[in-house]
Amino acid sequence: MNSYTIRNLKDFQLDHIFDCGQCFRWNKTGPGVYSGMAMGRRVTMEQRGDSLTVTPCTKEEFDTIWRPYLDLDRDYGRIKEILAEKDPVMARACEWGTGIRILQQDLWEVIVSFIISQNNNIPRIKGCIERLCRLVGAAPEGEEDRRAPVQESRQEPGQAVRQTPGQEGLRAFGANVGLDGDQYPDFPSAQTLAALEPEDLAPARLGYRARYVIETARQVAEHGLPQTADQVLSLSGVGPKVANCILLFGMKKYDSFPIDVWVRRVMHELYGFREEDVKGMKAFAAAEFGEFGGFAQQYLFYYMRSL
DNA sequence: TTCCAGGAAATGC
DNA sequence: GCATTTCATGGA
C-alpha cells in the first residue's frame, strides 16, 4: 500500500495531538501508531522521531488533505514562546504538551462530537461516536458497505410502523460483526441524521443527547452550517462550553477558550481562581492569552489531565 | 450505592 | 438575572 513520509517535523507529537481531547476517532494501535477516520478517509499515521508516515497516502493527498488537517503550516514554536512568557504555569504546560497541534477538522463532525461530549467522559464519548457512525454512517469512499441490513424485528408486534425519509438509510451492525476496529464508516451527514427520530439512535446509546443531535441536524439541514458564534450558540444542545469547542476545533477561531471541568480545575488549583468563577477565568484568558487562547487552553487541558 | 464525566435546558426564586 | 434540578449512560 502506498505511503507518504514527511521528515524534519518540528513541534509535532502524535501522542499529544490525539490525546488532548480535540478528536475522538483516532485509536492507538502501537507505539507512535494511530489508526483512524478523518476527512472521509481511513488512514494510519506513524511517528518515529521527527518523521511521520501516512498510509495510504500520496504526496498530493498529503499536501491537500493531511498537511492542513495536521495544521503543519503554523509555527507552534513561536506560539509556545509567546505563551510561555505569560506566566510560569503556562510555561510548564507548553513544555509538557509540546507537539500539540489543533487539527483542522470537519465542522459538522465537530458540532455533533462536542454535543455528545457534554456531561460525558472521553472513553464513552469515543464509544458513542463510533456506534453512531456504525449505525448510520456512510461507508467510506472506495470501500463497499459491509454493514448488515437493518434489523426489521426491532418493531414491537402491533406497533405502528413509522415511516421516515431516512428509514431506508438506517443500518445496524449485527452482533456477529466483530467490533475489532476493522470497520470505519464515514461520519453521518446532517441530512441523514435530520431524517431520523431519537429512538432510531437508541443503539448508539447517546442518552438524552440523541435529541440534541437530531434537532441540530435539522437546523443545519435547513439553514446550513453556522458561520457566526451566535449561530453556533443557537444550535440545540450547544451552550457556552460546547460552542467554544466548535469555534476552536471546527471554525479556526483560535481566540476561543473553552472552560470545562478540567480547565476550571487548573484555573482553580494553579491560578488561584474560585472554582465557580467562570466569568473571571474567561476574562483572564481573554486579557492574558488573547488571540492564542485556544492554544493556551489545549496546553492547560493536557497538562491538568496528565497530572 | 454513590459519584462523576470536556454541560445544557428547564425550572424555581 | 442567578441558583438548583434534571437529563441517559456506564465505569470507578
Side-chain angles (χ1 to χ4, degrees), chain A residues 16-26 93 96-97 100 102-103 105 107 109-132 134-135 179 196-220 226 229-251 253-254 256-271 273-283 285 293-307:
Chain A
H16 294 171
I17 291 170
F18 290 148
D19 190 32
C20 64
Q22 61 177 323
C23 56
F24 304 99
R25 295 199 73 195
W26 290 96
W96 189 258
I100 285 178
I102 295 183
L103 300 170
Q105 303 183 71
L107 175 55
E109 180 171 338
V110 168
I111 289 172
V112 176
S113 297
F114 280 91
I115 287 175
I116 290 172
S117 79
Q118 64 173 80
N119 199 27
N120 211 340
N121 59 63
I122 289 179
R124 209 176 86 81
I125 295 165
K126 293 179 75 171
C128 285
I129 292 170
E130 205 50 46
R131 287 190 295 271
L132 177 67
R134 286 166 186 253
L135 186 67
L179 300 177
L196 302 178
E197 297 296 333
E199 55 263 36
D200 294 324
L201 296 184
R205 304 202 297 276
L206 307 185
Y208 62 90
R209 307 166 193 86
R211 184 167 60 84
Y212 297 149
V213 167
I214 288 175
E215 181 56 33
T216 290
R218 291 174 180 168
Q219 290 176 265
V220 168
D230 284 341
Q231 290 173 3
V232 172
L233 263 176
S234 74
L235 298 173
S236 177
V238 176
K241 188 270 169 181
V242 171
N244 273 294
C245 286
I246 292 170
L247 288 162
L248 177 59
F249 301 129
M251 299 172 72
K253 303 296 183 188
Y254 297 112
S256 305
F257 191 81
I259 299 177
D260 60 26
V261 293
W262 294 100
V263 174
R264 254 168 48 188
R265 211 163 282 167
V266 74
M267 296 302 274
H268 171 61
E269 292 183 15
L270 301 180
Y271 282 92
F273 284 87
R274 291 179 299 113
E275 260 205 275
E276 62 274 20
D277 186 18
V278 174
K279 288 180 90 172
M281 298 174 189
K282 191 180 175 65
F295 303 102
Q297 193 270 4
Q298 283 294 277
Y299 291 122
L300 290 175
F301 179 87
Y302 183 80
Y303 184 49
M304 194 64 207
R305 272 179 60 84
S306 48
L307 281 182

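Every chain is numbered from 1, with letters handed out A, B, ... down the list of sequences.
Few gaps surround NZ on K126(A); more than 12 heavy atoms of other groups in view lie less than 6.0 Å from it.
Of all nucleotides listed (dA5(B), dG10(C), dG7(B)), dG10(C) comes nearest to the side chain of R205(A).
In this structure, Q118(A) atom CD and dC4(B) atom P are separated by 18 Å, rounded to whole Å. The interatomic distance linking I122(A) (CD1) with dG10(C) (C1') rounds to 15 Å, in whole Å. dG7(B) atom C1' lies 13 Å from atom CG of N244(A), rounded to whole Å. Spacing between atom CG of N119(A) and atom C1' of dC4(B) amounts to 8 Å, rounded to whole angstrom units. Protein atom CG of L235(A) is 12 Å distant from nucleotide atom P of dA8(B), rounded to whole Å. Computed from coordinates, the L233(A) CG to dA8(B) P distance equals 9 Å when rounded to whole Å.
Nucleotide dT1(B) has no partner under the Watson-Crick or G-U criteria, as no pair reaches both atom distances under 3.5 Å.
Using a 4.0 Å heavy-atom cutoff across all strands shown, Y212(A) reaches sugar-phosphate atoms only and no base atom. Within 4.0 Å of G237(A), counting heavy atoms only, lie sugar-phosphate atoms of the nucleic acid but no base atom. Residue Q22(A) is classed as a base contact, given a heavy-atom separation below 4.0 Å to a base. The residue R209(A) sits close to a base: some heavy atom pair falls under 4.0 Å. Note on P258(A): a base of the nucleic acid sits closer than 4.0 angstrom, heavy atoms only. Counting non-hydrogen atoms under 4.0 angstrom, R131(A) reaches nothing in the nucleic acid.
Here the separation of dT11(B) from dA8(C), taken at their P atoms, is 13 Å to the nearest Å. Nucleotides dA9(B) and dG10(C) have their P atoms positioned 23 Å apart, rounded to a whole Å.
Of the listed residues (T216(A), L235(A), L233(A)), just one forms a side-chain contact (heavy atoms from CB on, under 4.5 Å) with P226(A), and that residue is L235(A).
If N120(A) and K279(A) are placed on DNA chain C by their nearest nucleotide, the residue sitting closer to the 5' end is K279(A). Comparing W262(A) and S236(A) by the nucleotide of DNA chain B whose heavy atom lies nearest to each, the residue mapping closer to the 5' end is W262(A). Positionally, the nearest nucleotide of DNA chain B for I259(A) lies more toward the 5' end than for the other of V238(A) and I259(A).
Residues V242(A) and Y212(A) form no side-chain contact, since every pair of their non-hydrogen atoms from C-beta on lies 4.5 Å or further apart.
We find that E130(A) and R25(A) are joined by a salt bridge, their nearest charged nitrogen and carboxylate oxygen being less than 4.0 Å apart.
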